[in-house]
Colleague: 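Below is one structure. I have some questions about it.
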Amino acid sequence: MDLLDTLTAKGLRGEVPTREEALAVLATTDDELLDVVAAAGKVRRRWFGRRVKLNYLVNLKSGLCPEDCNYCSQRLGSKAEILKYTWLKPDQAAEAARAGVAGGAKRVCLVASGRGPTDRDIDRVTDTMAAIQEADPEVEICVCLGLLSDNQAERLKAAGADAYNHNLNTSEKTYGDITTTHTYADRVDTVKKAHGAGLSACSGLIAGMGESDEDLVDVVFALRELGSDSVPVNFLIPFEGTPLAKEWNLTPQRCLRILAMVRFVNPDTEVRIAGGREVHLRSMQPLGLHLANSIFLGDYLTSEGQAGQTDLDMIKDAGFEVEGAGEATLPRHRADVAAASSAASACGSGGGCGPCGGHAHAPASEDTPASAAEDTDASDGELRSDLVKVRLRGAGTELAPNA
């Protein structure tokens with residue numbers, strides 16, 4: 001296929017496709033799917049070899065968020081029966097993080113629901129980071145707390161944070177349809193401020209909210225232009241009790257095409273399969289590893305993932321290897337850019353601001369019945385709530401985490 005030959009050649013050179021070429025990837029047929037995966041897989045291996053970076057989520061504060069994001073189980077007015085608790089103590093969060101690191105996670109992602117932290121909350125997180133780094137000085141820490149006030153990003157950076165997560169989620173054109181309590185511009189500004197403070201920008205999207213192909217391409221190109229070092233690709237899990245509870249419109253094939261498009265547009269960027277991996281890719285998860293070079297290990301924020309050992313077995317069986325703590329994730333030229341940005345921040349430029357988004361939609365448990373894996377046509381209105389298992393273990397509970 002001329003399209004795939006062109007995209008592969010561009011990706012191997014680190015060049016970005018045109019919007020038309022990106023749209024064409026999403027328009028390919030199921031008969032062409034393996035060719036698409038093979039082409040994008042060549043680009044993935046060019047820049048990242050066969051390494052898979054493992055990330056581990058710790059939900060520091062769950063539920064009770066004042067924001068109205070329609071996709072989120074923690075939103076204002078959500079009736080989803082998720083865990084609700086206030087801030088974990090630093091030792092509790094550090095204990096949860098140790099489980100992920102012991103399972104092979106290179107990065108720990110510290111997340112808290114809410115519009116944004118107070119200065120006291122920043123103190124809590126810096127104390128938590130200190131506790132985590134005392135146990136493992138090499139672990140990367142990404143923080144996701146919501147909209148930051150002046151100097152809060154700098155404080156996180158000074159305390160040892162490596163990255164800040166704030167997803168754009170969807171295109172600017174459709175953003176007002178999913179959230180009214182903040183704007184798309186707020187999120188763009190957040191990513192820029194995180195970079196300005198010297199933090200690596202972790203920013204991605206949520207697919208499956210009823211968006212068009214054009215919306216997906218718009219947000220992916222926006223992320224590229226903003227210089228996101230890590231692009232989490234979330235696949236919506238429509239929790240009962242949220243406004244998007246009936247949005248079951250993704251298939252494994254659709255998810256793979258989206259991942260391939262993201263890889264072609266971001267050939268040398270960390271692409272992470274995030275929330276919704278087990279539910280929507282299901283038995284085709286190993287093919288996703290040929291497109292993305294990063295995943296979350298074990299459970300997510302408000303819902304359960306498959307067992308951590310199952311993730312590790314999948315990586316090994318697919319012919320990949322877990323990326324070590326001493327290995328650089330980004331290619332050298334991208335790492336140099338990130339280092340230059342960090343050095344510039346030391347001169348006093350930039351501010352900080354950056355909420356999370358997207359990870360609240362987590363996959364179902366490994367013990368989901370086989371019958372639940374069958375595709376359901378979204379037009380029949382059937383709710384597939386049996387695929388969503390609320391997290392009742394790990395952080396915020398007395399049960400051991402799934403890592």
Side-chain angles (χ1 to χ4, degrees), residues 44-45 47-60 92-111 128-129 131-144 160-163 165 200 202 204 229-234 259 269-278 281 285-301 303-331 335 359 362-366 391 393-395 399-403:
R44 179 250 199 266
R45 291 191 299 276
W47 299 106
F48 300 97
R50 289 190 167 272
R51 305 189 314 275
V52 177
K53 181 176 182 178
L54 297 181
N55 310 267
Y56 189 71
L57 283 164
V58 178
N59 199 357
L60 299 178
Q92 294 173 314
E95 181 180 0
R98 280 195 292 273
V101 173
K106 180 177 178 178
R107 171 175 287 190
V108 172
C109 304
L110 303 176
V111 187
T128 296
M129 287 194 292
I132 293 172
Q133 291 167 328
E134 182 179 0
D136 190 339
E138 291 190 324
V139 68
E140 294 179 9
I141 297 181
C142 180
V143 183
C144 177
D162 297 285
N165 169 260
S200 174
C202 173
D229 299 316
S230 176
V231 180
V233 180
N234 296 277
L259 287 170
T269 298
E270 178 186 347
V271 175
R272 183 183 311 157
I273 315 177
R277 166 167 61 94
E278 294 91 333
L281 281 170
Q285 288 182 68
L287 285 181
L289 296 178
H290 289 272
L291 307 169
N293 62 296
S294 181
I295 64 171
F296 282 106
L297 177 73
D299 290 336
Y300 296 76
L301 294 183
S303 193
E304 293 182 0
Q306 67 187 17
Q309 186 59 51
T310 301
D311 288 335
L312 297 175
D313 290 343
M314 175 182 69
I315 291 169
K316 181 179 179 180
D317 291 346
F320 293 89
E321 60 187 23
V322 174
E323 183 174 291
E327 296 182 273
T329 299
L330 294 176
H359 297 313
S365 171
E366 59 178 322
R391 180 178 69 82
R393 60 194 177 197
L399 300 178
N402 177 33

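Predicted model only: the values in this text are computed from it and were never measured.
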Colleague: Any side-chain hydrogen bond (donor to acceptor under 3.5 Å, both in side chains) pairs touching residues 94-103, not counting sequence neighbours?
Modeller: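 Checked against side-chain hydrogen bond (donor to acceptor under 3.5 Å, both in side chains) - neighbours excluded - no pair reaches residues 94-103.
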
Colleague: Find out whether Arg51 and Phe320 are in side-chain contact, i.e. whether some heavy atom of one side chain is under 4.5 Å from a heavy atom of the other.
Modeller: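 Heavy-atom side-chain distance check fails, nothing below 4.5 Å.
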
Colleague: Could you work out, with salt bridge (charged side-chain N to carboxylate O under 4.0 Å, His left out) as the rule, every residue matching Arg44, not counting sequence neighbours?
Modeller: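 So Arg44 forms no salt bridge (charged side-chain N to carboxylate O under 4.0 Å, His left out) with any residue.
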
Colleague: Measure the shortest side-chain to side-chain distance between Leu110 and Asn59 over non-hydrogen atoms and say whether it is less than 4.5 angstrom.
Modeller: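 Result no, sub-4.5 Å side-chain heavy-atom pair not found.
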
Colleague: Just to verify, what does Thr128 make a side chain to side chain donor-acceptor pair (under 3.5 Å) with, not counting sequence neighbours?
Modeller: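 None.
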
Colleague: For residues Ile132 and Val139, determine if any side-chain heavy atom of one lies less than 4.5 Å from a side-chain heavy atom of the other.
Modeller: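 Of all side-chain heavy-atom pairs linking Val139 with Ile132, at least one is under 4.5 Å.
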
Colleague: Would you say Val52 and Ser294 make side-chain contact, with heavy atoms under 4.5 Å?
Modeller: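 Contact flag for Val52/Ser294 side chains = no.
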
Colleague: Supply the atom-to-atom distance Arg272 CZ to Asn293 CG, rounded to the nearest 0.5 angstrom.
Modeller: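 One finds 9.5 Å between CZ of Arg272 and CG of Asn293.
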
Colleague: Mind checking the CG-SG spacing from Asp162 to Cys202? Nearest 0.5 Å is all I need.
Modeller: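 Nearest 0.5 Å value for the CG-SG distance: 11.5 Å.
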
Colleague: Considering non-hydrogen atoms only, spot the tightest contact between Asn165 and Cys142 and give its length.
Modeller: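 Of all heavy-atom pairs spanning Asn165 and Cys142, the closest is N-SG, 3.7 Å.
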
Colleague: Could I get the full list of side chain to side chain donor-acceptor pair (under 3.5 Å) partners for Asp311, not counting sequence neighbours?
Modeller: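 Asp311 satisfies side chain to side chain donor-acceptor pair (under 3.5 Å) with Arg277, Gln306 only.
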
Colleague: Name all residues meeting the salt bridge (charged side-chain N to carboxylate O under 4.0 Å, His left out) criterion together with Lys106; count only those two or more places apart in sequence or in a different chain, and write none if there are none.
Modeller: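 Only Glu323 meet the salt bridge (charged side-chain N to carboxylate O under 4.0 Å, His left out) criterion with Lys106.
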
Colleague: I need the Lys53 NZ to Ser230 OG distance, nearest 0.5 Å.
Modeller: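 Nearest 0.5 Å value for the NZ-OG distance: 6.5 Å.
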
Colleague: I'd like to check the side chain to side chain donor-acceptor pair (under 3.5 Å) partners of Asp136; sequence neighbours left out, ordered by chain and number.
Modeller: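 Asp136 satisfies side chain to side chain donor-acceptor pair (under 3.5 Å) with no other residue.
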
Colleague: So do the side chains of Asp229 and Thr269 get within less than 4.5 Å of each other, counting heavy atoms only?
Modeller: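 In short, these two side chains do not touch, never coming nearer than 4.5 Å.
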
Colleague: With a 4.5 Å limit on heavy-atom distance, are the side chains of Ile273 and Leu259 in contact?
Modeller: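 Yes, close enough: below the 4.5 Å cut-off.
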
Colleague: What heavy-atom pair brings Val231 and Gly204 nearest, and what distance separates the two atoms?
Modeller: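 Taking Val231 first and Gly204 second, the nearest heavy atoms are CG1-CA, 4.1 Å.
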
Colleague: Is any side-chain heavy atom of Val271 less than 4.5 Å from a side-chain heavy atom of Leu291?
Modeller: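 Answer no - side chains too far apart.
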
